[in-house]
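In what follows, a single structure is set out as structure tokens and then discussed.
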Amino acid sequence: MGNPQGMQFKSIDEFLDHLPEKELEIVQFLRKIILDCIFDCKEKLAYNVPFYYRHSRICYIWPASVPWGKVEEGVAIGFCKGDLLSDETFKSENFMSKLIFTSIQEIDVPLLKQQIYDAVSLDEKLVKAKRRKIQ
């Protein structure tokens with residue numbers, strides 16, 4: 001089974017170099033917010049887009065120019081366990097939730113930061129529960 005995208009980025013920098021200018025601006029803005037909020041996260045490419053991890057996947061950034069992500073325009077920020085988060089501002093589907101932005105001006109930074117902090121808190125709770133279960 002081949003790569004359905006027909007491309008494979010080797011690094012975050014290569015991913016960023018691929019983006020059209022308008023998407024790049026939004027991605028860099030979202031990326032800065034995530035890295036400021038989750039200072040100890042790991043940033044890795046998965047499905048050809050950046051995902052952010054601590055104990056597990058927390059969130060991702062998916063621009064429309066990366067095919068097959070169901071993002072028709074703009075850039076999506078998604079939360080991997082979004083169905084477990086309390087804020088219903090984000091559209092939830094298949095255990096994930098996401099918001100799509102077509103400009104930086106659309107981003108409610110305080111709301112987004114709160115969503116990220118909630119996702120980090122959930123990540124911490126889930127790993128603690130898993131550890132208790134193993135003991």
Side-chain angles (χ1 to χ4, degrees):
M1 183 175 186
N3 180 348
Q5 296 180 12
M7 67 178 103
Q8 185 65 43
F9 301 122
K10 293 178 177 78
S11 68
I12 297 291
D13 287 336
E14 188 177 328
F15 161 78
L16 293 171
D17 288 344
H18 167 79
L19 299 176
E21 189 174 327
K22 188 170 181 177
E23 287 181 11
L24 177 62
E25 181 182 30
I26 299 167
V27 167
Q28 288 177 323
F29 190 79
L30 292 172
R31 187 172 177 236
K32 181 176 179 355
I33 292 170
I34 292 167
L35 294 173
D36 286 348
C37 290
I38 317 172
F39 65 91
D40 61 343
C41 75
K42 295 173 211 81
E43 180 182 46
K44 297 191 286 190
L45 289 176
Y47 308 104
N48 255 347
V49 297
F51 275 74
Y52 300 86
Y53 301 74
R54 284 190 69 239
H55 303 292
S56 62
R57 287 181 178 171
I58 294 175
C59 60
Y60 61 89
I61 298 173
W62 202 304
S65 62
V66 175
W68 76 280
K70 296 183 182 176
V71 178
E72 294 179 18
E73 69 172 329
V75 177
I77 181 168
F79 291 88
C80 298
K81 294 174 182 72
D83 62 319
L84 300 175
L85 296 171
S86 57
D87 188 343
E88 295 178 10
T89 305
F90 290 70
K91 179 182 170 193
S92 287
E93 54 186 51
N94 298 332
F95 308 107
M96 295 187 159
S97 63
K98 68 183 176 187
L99 267 181
I100 298 173
F101 303 107
T102 57
S103 73
I104 288 175
Q105 292 73 27
E106 294 176 348
I107 301 170
D108 182 338
V109 175
L111 175 67
L112 181 57
K113 285 183 174 183
Q114 186 58 53
Q115 189 78 2
I116 292 168
Y117 293 138
D118 289 349
V120 169
S121 178
L122 177 61
D123 182 61
E124 194 65 35
K125 287 177 190 173
L126 292 174
V127 77
K128 284 180 181 179
K130 192 179 219 180
R131 287 179 186 155
R132 279 195 299 271
K133 197 174 191 181
I134 292 172
Q135 295 174 356

Pairwise salt bridge (Lys or Arg N to Asp or Glu O under 4.0 Å) hits with a residue in residues 12-21, at least two apart:
none
Tell me which pairs pass salt bridge (Lys or Arg N to Asp or Glu O under 4.0 Å) where either residue lies in residues 32-43, with sequence neighbours left out.
Arg31-Glu43, Lys32-Asp36, Asp40-Arg54
Results of side-chain contact (heavy atoms from CB on, under 4.5 Å) for Gln28 - residues two or more places apart only
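Counting only residues at least two positions away or on another chain, Gln28 forms a side-chain contact (heavy atoms from CB on, under 4.5 Å) with Leu24.
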Applying side-chain contact (heavy atoms from CB on, under 4.5 Å), can you list everything that pairs with Pro110, at least two apart in sequence or on another chain?
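Result, side-chain contact (heavy atoms from CB on, under 4.5 Å) vs Pro110: Asp108.
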Do you reckon Tyr117 sits in the same ILVMFWY cluster as Ile107, going by side-chain contacts under 4.5 Å, direct or chained?
no
What about Ile12 and Val49, same hydrophobic cluster or not, with Ile/Leu/Val/Met/Phe/Trp/Tyr joined at side-chain heavy-atom distances under 4.5 Å?
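Yes, Ile12 and Val49 fall within the same hydrophobic cluster.
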Please enumerate all residues that pass side-chain hydrogen bond (donor to acceptor under 3.5 Å, both in side chains) together with Glu106, with sequence neighbours excluded.
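Result, side-chain hydrogen bond (donor to acceptor under 3.5 Å, both in side chains) vs Glu106: Thr102.
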Taking all heavy atoms of [X] and all of [Y], pick out the closest pair and write down the distance.
| X | Y | value |
| --- | --- | --- |
| Lys113 | Cys37 | CG-SG, 3.6 Å |
| Ile100 | Glu73 | CG2-O, 3.2 Å |
| Cys80 | Tyr60 | SG-CD2, 4.0 Å |
| Ser65 | Glu23 | OG-OE1, 2.5 Å |

Side-chain heavy atoms of [X] within contact of [Y], under 4.5 Å:
| X | Y | answer |
| --- | --- | --- |
| Ile61 | Ile26 | no |
| Leu122 | Phe79 | no |
| Ile33 | Ile77 | no |
| Cys59 | Ile34 | yes |
| Tyr52 | Leu35 | yes |
| Val71 | Pro63 | no |
| Pro50 | Leu45 | yes |

Lys44 NZ to Ser11 OG distance, which is reported to the nearest 0.5 Å:
15.0 Å
Mutual orientation of the aromatic rings belonging to Tyr47 and Phe51 [parallel < 30°, tilted 30-60°, perpendicular > 60°]
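Tyr47 and Phe51: tilted rings.
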I'd like to know whether Leu30 forms a side-chain contact (heavy atoms from CB on, under 4.5 Å) with Phe101, so could you lay out the CA-CA distance, the side-chain angles of the two residues, the decisive distance to 0.1 Å, and finally the verdict.
CA-CA 10 Å; Leu30 292 172; Phe101 303 107; 4.2 Å; yes
For Phe15, give me all partners under ring-ring contact (aromatic ring centres under 6.0 Å, His included), at least two apart in sequence or on another chain.
Phe9
